[in-house]
Structures are given as structure tokens and as C-alpha cells.
Amino acid sequence: MFSGLMLTAWESASIVAVVAGVVGFFIVLRGSAFAAHALPNGAFAGAAGASLIGVDAIVGLAVFSILGALTIAALGRRARHDVATALVIVLMLGLGSLFLSMTTEYAPQIYSLLFGEVLGVSSSELVPIGVIGLVAIAAILLMYRPLMFSSVMPDVAAARGVRTRRMEVAFLLVVALTTTMAVPVVGALLIFSLLISPAAAARSFTSRPLGAMGLSVIIALATVWSAIALSYLSNLPIGFFVGSIGAGTYGAGRGFSAWRRNRQASPRQSSQTLQPGVAG
Amino acid sequence: MPQRITLDPDMPLRARDLVGLGIDGQRFGLPLPSTTRRKQVDDMLEAVDATRFAESRVGNLSGGEQQRILIAHALISRPRLLLLDEPLANLDLGSEQEVVDLLARIAREQRIAVLISTHDMNPLLPVMDRIVYIANGRIATGTTAEVVSSESLTKLYGVHVDVIHVHDRILVVAGRREEALQHGDTESIVELV
Amino acid sequence: MPGFLSPLIEPGFFSNLPVQTALVVGGVVAVVSGIVGTFTVMRGQSFAGHSLADIGTAGGSAAFVLGISPLFGYVAMNLMAAGVMEWIGIRRPRGRDLATGIVLGAALGLAALFLYLDTTASSTTGATVNVLFGSIFTLPASMVPFIAIFSVVAAGIVLVMYRPLILTSISADLAIAQGIRVRLVGIGYLVALALAVSLSAVTIGAILSTALLIGPAATALRITNRTGRAAVIAAGIGVTATWLGVLLAYDSYYWFPNGGGWPVSFFVVTLIFLGYLVSQLRFSGRAVAQRRSSAAQAP
């Protein structure tokens with residue numbers, strides 16, 4: 001379970017989990033779940049195109065997810081863009097299927113790109129995955145305060161001199177980097193789960209922003225490690241475990257906050273219970 | 001300060017974190033823990049009487065409590081002028097009075113000018129110094145006593161307006177053409193110095 | 001067939017049984033998707049439709065494991081997912097995106113499991129492609145009656161509830177004031193949506209079915225601001241794109257690289273996207289302003 005190829009799998013998946021935990025925290029905070037869903041789908045076409053013309057998959061992933069991030073940032077200028085973005089997602093998936101239909105390894109390739117293939121990462125790919133991960137985390141830590149400010153109160157942040165538009169673009173680019181490094185490991189369709197679930201669960205357990213971010217990383221690591229172990233032992237695909245453990249932790253988080261609210265509400269009939277949205 | 005800020009109750013952010021963003025939220029990097037920073041936040045929380053819920057999740061606070069935290073957030077950067085857009089909107093009567101008292105106290109203690117825009121000046125009448133009354137595309141300006149009188153408001157609206165004193169409150173009642181008041185095209189800018 | 005069409009339409013196109021089935025099924029499904037999709041776009045639920053489509057992959061792949069037609073898997077899974085979404089939506093409007101996303105992740109995880117089981121059980125890899133990207137040419141003719149029944153039900157629900165649907169789309173409060181049972185209308189609509197998504201999934205694949213559902217409808221709503229006319233135009237665009245897609249895919253057997261043929265779904269999706277793009281450029285601004293003002297006057 002810890003030798004050769006598997007060791008590479010553990011290492012790559014751990015890097016992905018740490019980055020997903022950090023970046024996911026801000027995705028949930030900013031409510032950009034949609035972008036986190038769209039970018040990996042677009043990257044799928046990139047990876048497929050790269051395999052068609054014989055380039056390294058990571059190049060295709062990087063090019064398409066960065067282009068995707070810039071497209072979403074541009075579309076975001078208009079108020080309602082859900083139709084356009086949904087259509088672009090689908091077009092990218094269609095393009096990916098076209099590219100792959102032209103290669104000889106149609107179906108297995110589709111499967112591993114969409115649902116992940118943790119054993120498909122070679123030790124030579126660890127270096128680019130690690131470097132991209134470091135860049136993503138460094139960028140988030142550097143932007144932490146203005147990113148937090150513009151997520152919580154965009155108008156006030158803009159008034160205080162935060163370039164909120166630039167923050168948005170920079171953040172989407174970080175999501176693009178995360179996508180690039182994570183697609184080969186967990187797959188385009190399940191990165192979403194790894195980005196959202198740990199962060200969403202973490203914020204049910206703590207009110208401290210940095211604490212929630214750290215907890216999100218821990219939950220992401222726990223998710224990925226148990227997914228690999230279970231996948232190794234049961235011989236079932238890793239994506240299945242990532243998806244269901246993610247849903248499980250989110251459910252546990254919601255359950256915990258509901259329980260805590262009930263406990264708090266009974267002795268202290270204060271302002272909290274008066275707010276309709278909170279009590280429900 | 002904008003009129004309405006919605007804070008998600010699921011957001012992992014304590015009241016003190018939001019006030020802290022007022023110090024250096026626009027700067028890059030992580031907020032490093034420092035005693036001066038913590039003291040600054042604690043003092044400000046105390047100034048707005050919010051120490052009690054400093055550790056609570058900001059989205060879970062009531063409207064009045066949130067308003068106090070937002071005022072603390074705005075004040076911590078030591079502004080000389082505090083601009084507030086409808087700070088009393090969506091507040092119940094009790095919280096409304098608390099926020100008014102807080103603003104008056106801050107204007108006095110911190111020696112800063114507070115400029116408020118509001119549709120309903122009644123709760124502010126006891127504390128405000130000067131008013132700019134905007135109605136029907138015209139303005140009247142001066143002290144409270146000068147502007148809020150039957151005579152000047154009648155001139156402003158072009159219909160008869162009564163200003164009635166009940167206890168220490170003042171009620172503005174329009175004559176026959178009530179639309180002007182009811183459609184809310186009046187806006188007062190109130191200044192506390 | 002007139003001779004001048006032969007460079008365009010490969011010989012044997014219309015006499016080929018799979019092609020005939022594809023044309024019939026594609027046409028019927030495109031009409032239903034156009035009608036239901038018009039309301040999906042009007043209600044601003046494009047993302048719900050998209051999520052439903054992704055969630056459906058779990059149902060389709062489970063059907064493969066059980067050895068039944070994926071259509072039944074899609075229908076069962078999508079109806080279930082629509083039920084869950086309705087339940088979540090009523091109880092907790094806030095955080096709905098997040099909850100939908102988590103359910104979506106879990107469903108895709110299940111899809112990964114089932115597709116893996118399909119691959120190991122049958123030692124073929126067809127299921128993955130079939131479920132995700134559709135394969136209308138391999139659709140057995142025996143499925144046509146079922147597709148017809150589901151289509152009639154989906155279109156029937158929308159047509160029966162036509163006026164309440166419009167009203168609830170504009171304002172739920174207005175509809176309640178008029179005595180409409182908004183929740184009932186919402187559930188009926190979600191059933192129609194689940195069926196339409198399932199039918200689209202059979203035609204162009206589960207994760208691409210969003211295109212057929214919302215693409216033509218969004219284009220139609222750019223062109224006209226009347227709901228009824230938009231539904232008809234959407235159906236027309238959908239049918240055109242699907243038939244052209246089938247034709248081009250049939251032709252593409254002789255294109256680069258030799259022998260494989262390009263996926264039908266790719267053509268359908270691309271055609272729909274191009275249509276949307278053209279309508280964006282042609283009708284941008286004006287139609288939106290008109291639609292806003294008409295929506296405000298409609299009740």
C-alpha cells in the first residue's frame with residue numbers, strides 16, 4: 001500500500017488535498033461554486049486536446065483552465081450569465097469527447113480524466129504538481145486579507161481601495177492552477193467535490209476564518225487519504241470514495257451546527273432565535 | 001457605510017475579525033497576531049458596546065448588533081467623517097434607538113462628523129445638529145429648528161405640511177396631496193457634529 | 001433524393017434503420033426539451049437543470065450495471081434528485097447552490113463506481129461513453145414507445161400548467177395571491193424537467209444534455225418575448241440542431257481521422273452553441289429590454 005506507484009499516489013493526492021482545502025475555503029466563502037464546477041470541465045477539453053496532439057496533459061490542462069478563468073471573469077461583468085456559462089461548460093465537454101474520439105484510447109481516457117486515476121500520476125509529474133501547488137498556496141496567503149475583505153463586503157472593500165475586479169480575476173486564476181494540478185489525480189468531475197465539501201464542512205465547526213481554513217485542509221487530507229486507502233483495499237475507483245466521503249463530511253458539519261444551534265437557542269432566547277433565516 | 005450588507009450566517013467570521021478587516025483589510029498578506037492590533041480591536045468593540053458578542057459569528061448577530069459591528073469596522077481606520085446610508089433601515093425600534101445613541105456618543109467622544117442619509121428623520125431629531133432636506137427636487141438646509149417647521153416644509157413640498165410636537169418627538173404630517181410623502185421621494189441628510 | 005443533395009447527404013442516410021430511429025427520437029426529444037427548457041430559462045434554473053443532468057449520470061450508469069436501458073436509470077435518478085432539490089429548496093433557500101453541489105459530487109462519485117463496475121463486468125468500455133456523451137445511433141427501436149410516453153407526459157404537464165407556470169415564474173407571491181398552489185406547480189414542473197433531462201441524456205449524453213435543454217430555449221427567448229412563441233422556436237431550433245447533428249455525424253465517417261466518425265453530440269452541442277452566439281450578437285440589448293418590460297406587464 002505504500003510502495004512504488006502507490007507512494008507517488010499518496011504524495012500527489014496529499015499535495016492536491018492541501019491546495020484544495022486552502023483554495024476551497026475561499027471558493028465557499030465567495031460563493032464561486034459555479035466557477036469551481038465550470039473550470040475543471042473546461043480543462044477536460046484541454047487534457048483531451050493535449051493527448052490528441054501528443055503534448056503533456058498538464059500543458060493542455062493549464063492552457064484551457066487559464067483561458068476558462070479569464071472567460072468566466074469576462075462573463076462575470078454581466079449580471080446574469082448562468083445560461084452562457086452552462087453552455088460553455090457543455091461545449092467544452094463536447095469538444096473533449098471529440099478530441100478523445102480521435103485518439104485510440106477513447107473510453108479509458110475519458111474515464112480517467114473525468115473521474116480521476118490516482119495511479120495514473122507518474123513520479124516525474126510530482127514536481128510540476130508540487131510547484132503549481134506552492135504557487136497557488138503562496139498566492140492565496142499573499143492575497144488573504146484583501147480577498148477576505150472583498151468576499152465579505154465587496155462594496156466597502158472597494159471603497160477602502162481593494163481592487164475587487166482584480167481580486168476576482170486573480171482568484172479565478174488560482175482556481176485554474178488548482179484545476180490543472182488536480183485533474184490528473186481526482187478527475188475533472190470530482191475536483192468540485194474536493195474543493196467544496198471540506199470547506200463547507202469546516203465552517204460548521206469553527207467561526208475563526210484561519211481556523212476554518214486549517215480545518216478545511218485537514219478534512220481534505222482525511223478525505224483523500226481514506227479515499228486512497230479504501231480504493232486500494234476494495235479495488236473500487238477513488239472518485240466514488242471522494243464523492244461520498246465529501247457528502248458525508250458536509251452532512252456531519254450541517255448536523256453539528258444544527259445541534260449546536262439547538263443547544264444555544266434553549267438557554268439564551270436572544271437575538272439569534274429572532275432571525276428567521278438562522279433558526280430554520 | 002452602505003445601506004444594506006448581507007452577512008451569511010454560515011460564514012466563518014467572528015465579529016472581531018470583521019472589525020479587524022477595517023484596520024488593514026486592503027493590505028496583502030496574512031493578518032499576523034499582534035498585541036497592539038488586538039488591543040485596537042478590543043477598544044473599538046468596547047467603544048460600540050459590542051464586547052459581549054465579539055467572539056460570535058457575525059452573520060448570526062441581530063440587525064442592531066451587526067450595525068454596531070459595521071460602525072466599529074468603519075471607525076477603526078480613524079476617519080474624520082463617517083458617512084452612513086440609511087443606518088436605521090430594517091431595525092426594530094429598540095435597536096434603532098441604540099444605534100442613534102451610539103452614533104451621537106461617537107460623534108461627541110471621537111470628535112468626528114457623522115453624515116447620515118435617511119427617509120425617516122424622526123428617530124434622529126433629538127441628536128442631529130444640521131439637516132439638508134431634499135424633496136420635490138428642492139432642498140432646504142439649516143439647523144433642525146430652521147428646517148423642520150411647518151413653514152419651510154410647506155414651501156418645500158408645495159402643499160400644506162404640519163409639524164406637530166408630541167412629547168419630545170416631532171411628526172411631519174402632509175396636507176391633501178399626500179403622495180409626495182408616501183412615495184418616499186424625500187430624503188434627509190442629517191449631520192451630527 | 002434529388003441528385004444535388006448527394007454531396008451533402010451520404011447515400012443510404014434515410015434508408016438506414018439506426019438513422020431513422022435517431023431522427024425520430026432526436027426530433028421528439030428536441031421538441032420536449034425546447035418546451036420545458038423555455039420555462040427552465042425563464043425561471044432562472046439553468047444551473048438546476050445542469051446539475052440534474054450531471055446527477056443523472058449515476059442513474060444511467062446504474063442501469064447499465066442492472067442490464068436495463070439507461071433511459072429508465074435517468075428517469076428514476078432524476079425524479080429522485082428533483083425530489084431532493086425541491087425538499088432542500090423549500091426548507092432552506094440559503095446555501096442551495098452548495099447543497100446542490102455536494103449532492104452533485106456524491107452522484108458523480110456513484111457514477112464513477114457504476115461505470116467502473118460496467119467496465120469490469122462487461123470488459124467493454126462502451127458504457128462510459130454511452131452514458132456521458134450519448135450514442136443515439138445504437139438506440140434500439142424498441143425504446144421508441146417509452147421515449148414517446150415520457151415525452152407526452154413531460155410536454156403534457158407543461159401545457160396543462162402553462163398559465164400558472166408563467167405566473168409562478170414571474171412572481172411566486174403574485175401567484176399565491178391568485179390562489180395558485182405554487183408548490184404543486186413547482187413539483188409538476190420539476191417532474192417535467194426531470195423527464196426532459198432524461199430524454200436529452202439518452203439523445204446526446206447525460207453531461208451534455210444541458211445544451212439541448214437550455215440552449216435552444218435561451219436562443220428563442222432572445223428572439224421573441226412571448227412565452228408560447230419562444231417554446232415553438234426553441235423546439236424548432238432543437239430539432240434543426242439535432243437532425244443536422246445526426247446528418248453531419250453520419251457524413252463524418254469519411255472525415256479525418258478515417259473510420260471513426262465524429263460524435264453526434266459534439267455536432268448537436270456545437271450547433272446549439274453557435275445558434276446561441278448568433279442570437280447574442282444579433283439581438284443583444286434590445287430583446288432583453290423588451291422582455292423585462294413585458295415581464296413586468298404580463299400579469
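In what follows, chains are A, B, ... by sequence order, proteins preceding strands, each numbered from 1.
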Would you mind checking which part of A:L189 comes under 4.5 Å of any heavy atom in chain C, side chain (CB onward), backbone (N, CA, C, O), both or neither?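 Its backbone and side chain both get close to chain C.
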Please classify the contact between A:F115 and chain C as side chain, backbone, both or neither, with a heavy-atom cut-off of under 4.5 Å.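 For A:F115, side-chain heavy atoms alone lie under 4.5 Å from chain C.
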Donor-acceptor under 3.5 Å (C:Y74 side chain, C:S200 main chain):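 Not a single qualifying donor-acceptor pair exists.
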Find out whether C:L212 and C:V29 are in side-chain contact, i.e. whether some heavy atom of one side chain is under 4.5 Å from a heavy atom of the other.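 Yes, close enough: below the 4.5 Å cut-off.
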Taking every non-hydrogen atom, the tightest pair across A:V28 and A:A199: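 Taking every non-hydrogen atom into account, CG2-CB, 3.6 Å.
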Portion of A:I238 that has a non-hydrogen atom of chain C nearer than 4.5 angstrom: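 Nothing of A:I238, per the 4.5 Å heavy-atom cut-off to chain C.
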Which answer fits A:I89, side chain, backbone, both or neither, if we ask what part of it has an atom under 4.5 Å from a heavy atom of chain C?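 Side chain of A:I89 only, per the 4.5 Å heavy-atom cut-off to chain C.
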Within the structure provided, determine whether C:F64 and C:F114 are in side-chain contact (heavy-atom separation under 4.5 Å).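 No, side chains not in contact.
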Residue C:I204 versus chain A: region with a heavy atom under 4.5 Å: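 Neither the backbone nor the side chain of C:I204 comes within 4.5 Å of chain A.
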Could you give all pairs that pass the salt bridge (charged side-chain N to carboxylate O under 4.0 Å, His left out) test and reach residues 46-55 of chain A, with sequence neighbours left out?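 For residues 46-55 of chain A: none.
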Which side-chain hydrogen bond (donor to acceptor under 3.5 Å, both in side chains) pairs, counting each pair once, include a residue from residues 265-277 of chain C, with sequence neighbours left out?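 Output for this query lists C:Y276-C:Q280.
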Which residue out of A:S193, A:A247, A:P237, A:G246 racks up the most heavy-atom pairs below 4.5 Å with chain C?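 Top count of heavy-atom pairs under 4.5 Å with chain C: A:P237.
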Looking at chain A, which one of C:I207, C:L110, C:I272 has the largest number of heavy-atom pairs inside 4.5 Å, strictly under?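 Sorted descending by pairs with chain A, the first entry is C:I207.
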